[in-house]
Amino acid sequence: MIDSNIESKWQKKWQDAKLFQSNPDNREKVFLTVAYPYPSGAMHVGHGRTYTVPDVYARFKRMQGYNVLFPMGWHVTGAPVIGIAKRIGRSDPWTLDIYQNVHKVPLNELKKFTDPHYIVKYFSDEYRNVMMKLGYSIDWRREFTTIDPHYQKFITWQFEKLNEKGLVRKGAHPVKYCPDDENPVGDHDLLEGEGVAINELILVKFKIGENYLVAATFRPETLFGATNIWLNPNEEYVKVKINDEEWIISKKAYYNLLNQKSNLELVGEIDTPSLIGQHAENPVTREKHIILPASFVDPDYATGVVYSVPAHAPADYIALADLKKDTETLNKYDIKDSVEKIQPIGLISLKGFGNHPAAEMIEKMSIKDQNDPDLKAATNEMYKLEHAKGVMGKHIPDYAGLKVPQARDEIKSYLLETDKGDIMHEFAEKPVICRCGTECVVKILDNQWFLKYSDEEWTQKTLNCLENMNTVPGEIRSNFEYYLNWLHDWACARRIGLGTPLPWDPQWLIEPLSDSTIYMSYYAIAPYLKDIDPEQMDEEFLDHVFLDKKTSKTNIPQGMKEEFNYWYPLDWRLSAKDLVGNHLSFHLFHHSAIYPQEKWPQGVVVFGMGLMEGQKMSSSKGNIVLLEDAIKIHGADVVRLFLMSSAEPWQDFDWREKEVIGTKKRLEWFIGFAEMVDELHGSQIKLNDYNQAPDANKSINAWIISQVNQRVQDVTRALEGFQTRKALQDALFLFKKDIDHYLHRVDHELKEENAKEEINQVLAYVLGIWIRLMAPFTPHTCEELWNRHGGQGFASDAPWPEHDLDLIDEKVQKSEEIIQGLVEDIREIKKITKSQPEKIHIYLAPEWKWKVFEIAHQVGKPDIGRIMGQAIKENIHNDKKELAGFAQKIAREMARMHYVGFVDEKRLLDDALDFVARDANAEIIVYQEPTYDPKNKARNALPYKPALFIE
RNA sequence: GCAGGGGUACCCGAGUGGACAAAGGGGGUGGACUCAAGAUCCUCUGGCGUAGGCCUUCAAGGGUUCGAAUCCCUUCCCCUGCACCA
């Protein structure tokens, strides 16, 4: 039923009609962009959602009469494809497997993937192809890649602006670094160690002879409790020269430090055992500490030298205990007497613990020795507790009474200022391994360029920008506020990758997040650039176009500047949730820095993630569904429909094959309905003849017209807020349910000519509205139906239906509820009594009960006194006792009831009598007055709820 | 740790003070159609009930209110992000 030829047919017609090529005119505009893809892999259904949301919104707004621009480009800046090309080049099996089997690249193409440019070309072609197959209403004339020379000139201009405004600075920066690739690596480049943080450690120089034994610590405040120094006697230690000092550290530490310190020089090897038993001087307390052996010391972590604080560090405490028992070692190094004398020195007071918390922690967690796997947990726990609640002891000079974090900062400053300490960086966890298999190191990059997002003035300006902006969903706003304030300076340049050179320091390339902040502006000028030499796009040129500055240039194309001013500011920016803290925030920063306020972004929409059958979707794990396959199996409209209906854009959606098929059935039903309308009509209808709602004589016809108008209102409202799921809930699922119900209700009337004529009119009206409501979601199907049923022009261009408030009638809706309530009541009574009645007597509520309802409604509260008072005053019923009983009974109900006024139930039931009789399979007799009432049921009758007697 | 979002029936998921035993979908049940299967349509899908009703439920406990899935407090649990980068 769903035919891919139909889809390609309409795609071609749209293209031929240039339907989605948007040019400035006198209409109101809507400009929306979605983050352009980085084409390093095939497009899966997760991407499908990302790009379908703006398409649906664009189509919706277009039908409402706006001039809508929805463009697309390719973000090819960055390093990942370089790595991929390299790995393909050396036939890395993992990479080959992913590209062959997950991205489904044919072998002859894969061979060419050693060229990173080819990779992005290949996948951007594929993306474009899939986007076209999905029927996106993109203005393809504006397409570009981020390494086009024209675009590079635009980026150059942007960075010159930022630099002129003093928003760029130079500095040093620690990064994860692969020594083999000679490049920083991001988390996605890692085989192991994803998300591992880089920590800063303080180096403390313990003087030993003319040299320094350099220990590393997170907790310099504990220097006052140091009792000894630990080395691992089985490891190699070396002497290195740094500036004019000589340090003793482990050999592995030396190699790590090479990446962090310049002018580091290996001077000589050390005989490690000879150090044991010697003493080194604490730079703060001037005490001499003995150097002792410990197996827990990892030579690859930090400097391989640790100073020991047994009172507060569980590892030190247990290592000391181990050593005291180890007579062999004590004798070997002749340190027995010294070790025995060592006692923990408490220096931090901690609520709930005594003088030596580490000892208690060891006890509590039953740590056996220094090789116990739980030792790490004990250390962490201790660290957290003392960090959060510890206070420096009274006997500690200068720092007494300070909280631990504060003391730590002050001691750190003291050590650094007096040159008694230094800093190094280390991974929080090891190993960290690059995809190429090499173990990564922490490297300090000098001469790095930073965007100064920490700049207060700039942040404030950007917060202003946020304040005047819409965020969808609304809750995401506080995230933005948080991130804008939190953002540190951003290292904006790289050594490796594709991209634009930094104009004033061209050995650096502008990094991908930094070159995609204001590029939405570029879409406005993109169609003008074909015949322009990029060299002409200098600062004066672009200042004129984007900032309205005067120019004497004569080679700037006519209309370029005007076009930018027409489309800008950007109305909506759409992007994924995880980009709130970088891309989306950067885009606000850069707009606020470069453009005047009237050009600042107007809104953002944030996306959730995609799941597949409940599992996280991920190319590297292979559990993705390629869009191309999904389109092939289900058709573009079904894919679109499922993606839009299964979750709101900002929620995570779950691709479940079973539910996709369910969606497909629903769409087929819609198509079948259209056919059925024609069939009932007896000949092809012309939708244009049915733009007005027909006059309804029967209440059920008024009901469906009311429902349809209600749905139109709800769908429109939902789409305005990008709630595609809610919109479809109304436009498809509930709409279908209404029609199901309607058809069920009128089924028996289709044989009567008179009734049928009205039904036909109603159905034609409904169909015309329905096709248009669905057009943004399933454009191909809707074009086809629109065309088949004599709609004018393209459905994509047809006017969006507007709801008529006069037709949304609460009484009509209530009336149908009354009928349904009645049918359900009959069913229930039949079920309970397990009987099949022959006659059903229906008693309507007398007039006085309606009056009591009216009074109760006006009173508005369950205030029986007032209701009674008013009722007696109006003299609505003679039997005061019955009146009181009734008032009491309904007082409570009223709060729950949706009272919409008097409904002529007699007329209503006459209308629906056939239906009720058929459903109940019995004769129905309606009584306004209870002339026959053997079981005295009539007194139960309420407005909206007639009484029943079945026999 | 910090920040944000959550816990609703067999599953997914609406619902932010009364119309709620709780939308919609999926799954299941029974029925109609059919030689049959499939598709389609209808019913039911917390418990009890020979008259349209009653009882128990929205992570757990406590509170506010005439009235709580919804508001407040406490506890437990889950998810996402925390950067050198798509």
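Residue numbers begin at 1 in each chain, while the letters A, B, ... track the order of the sequences. Remember, it's a predicted structure, so these values are computed and weren't measured experimentally.
- Although no hydrogens or angles enter the test, the distance criterion places a donor-acceptor pair under 3.5 Å between the side chain of Gln651(A) and the main chain of Glu648(A).
- The nucleotide whose nearest atom lies closest to any side-chain atom of Glu511(A) is, among A51(B), G24(B), C85(B), C85(B).
- Using a 4.0 Å heavy-atom distance criterion, His583(A) is classed as making no nucleic acid contact.
- Among the nucleotides G53(B), G26(B), G5(B), the one closest to any side-chain atom of Glu475(A) is G5(B).
- Across all strands shown, U16(B) has no partner, as no Watson-Crick or G-U wobble contact with both distances under 3.5 Å is found.
- Pair assignment for C10(B) gives G26(B), based on Watson-Crick or G-U wobble hydrogen-bonding distances that are each under 3.5 Å.
- Pairing of U40(B), defined by two Watson-Crick or G-U wobble distances under 3.5 Å, is identified with A32(B).
- For residues 737-746 of chain A, every residue pair satisfying the side-chain hydrogen bond (donor to acceptor under 3.5 Å, both in side chains) rule, not counting sequence neighbours, is listed here: Asn701(A)-Tyr742(A), Gln707(A)-Asp738(A), Arg711(A)-Asp738(A), Lys736(A)-Asp740(A), His741(A)-Glu816(A), His741(A)-Gln820(A), Arg745(A)-Glu816(A).
- Aromatic stacking of Trp486(A) on C82(B): not satisfied for centres closer than 5.5 Å together with planes under 30 degrees.
- Among the candidates Lys831(A), Lys945(A), Lys830(A), the single residue satisfying the salt bridge (charged side-chain N to carboxylate O under 4.0 Å, His left out) test with Asp825(A) is Lys945(A).
- Using a 4.0 Å heavy-atom distance criterion, Leu487(A) is classed as a base contact.
- If you take atom C1' in C78(B) and the same atom in U29(B), they sit 33 Å apart, rounded to whole Å.
- Residue side chain Arg494(A) reaches the base of C84(B) through a donor-acceptor N/O pair under 3.5 Å, judged by distance alone.
- Residue Gln651(A) has a polar side-chain atom (N or O) positioned under 4.0 Å from OP1 or OP2 of A14(B).
- Qualifying salt bridge (Lys or Arg N to Asp or Glu O under 4.0 Å) partners for Glu126(A), counting only residues two or more places apart in sequence or in other chains: none.
- Summarising the base pairing, C48(B) is matched to G53(B) through a Watson-Crick or G-U wobble pair whose two defining distances lie under 3.5 Å.
- The same atom, P, is picked in C71(B) and in C85(B); the two are 42 Å apart, to the nearest Å.
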Exercise for the section: At under 4.0 Å between heavy atoms, which parts of nucleotides 40-46 of chain B does protein reach? Answer with one letter per nucleotide, 5' to 3': B base, S sugar-phosphate only, - none. Expected result: SSSS---
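- Using P as the reference atom, C77(B) and A60(B) are 15 Å apart when rounded to the nearest Å.
- Put simply, CG on Asp825(A) is 9 Å from P on G52(B), counting in whole angstrom units.
- Pair check for G1(B) finds C82(B); Watson-Crick or G-U wobble, both atom distances under 3.5 Å.
- Partner of Trp490(A) under the ring-ring contact (aromatic ring centres under 6.0 Å, His included) criterion, out of Phe589(A), Phe586(A), Tyr453(A), Phe450(A): Phe586(A) alone.
- In the set C84(B), G81(B), A23(B), C84(B) carries the atom at the smallest distance from any side-chain atom of Lys176(A).
- Figure legend. U70(B) is base-paired to no nucleotide; pairs are counted as Watson-Crick or G-U wobble with both atom distances under 3.5 Å.
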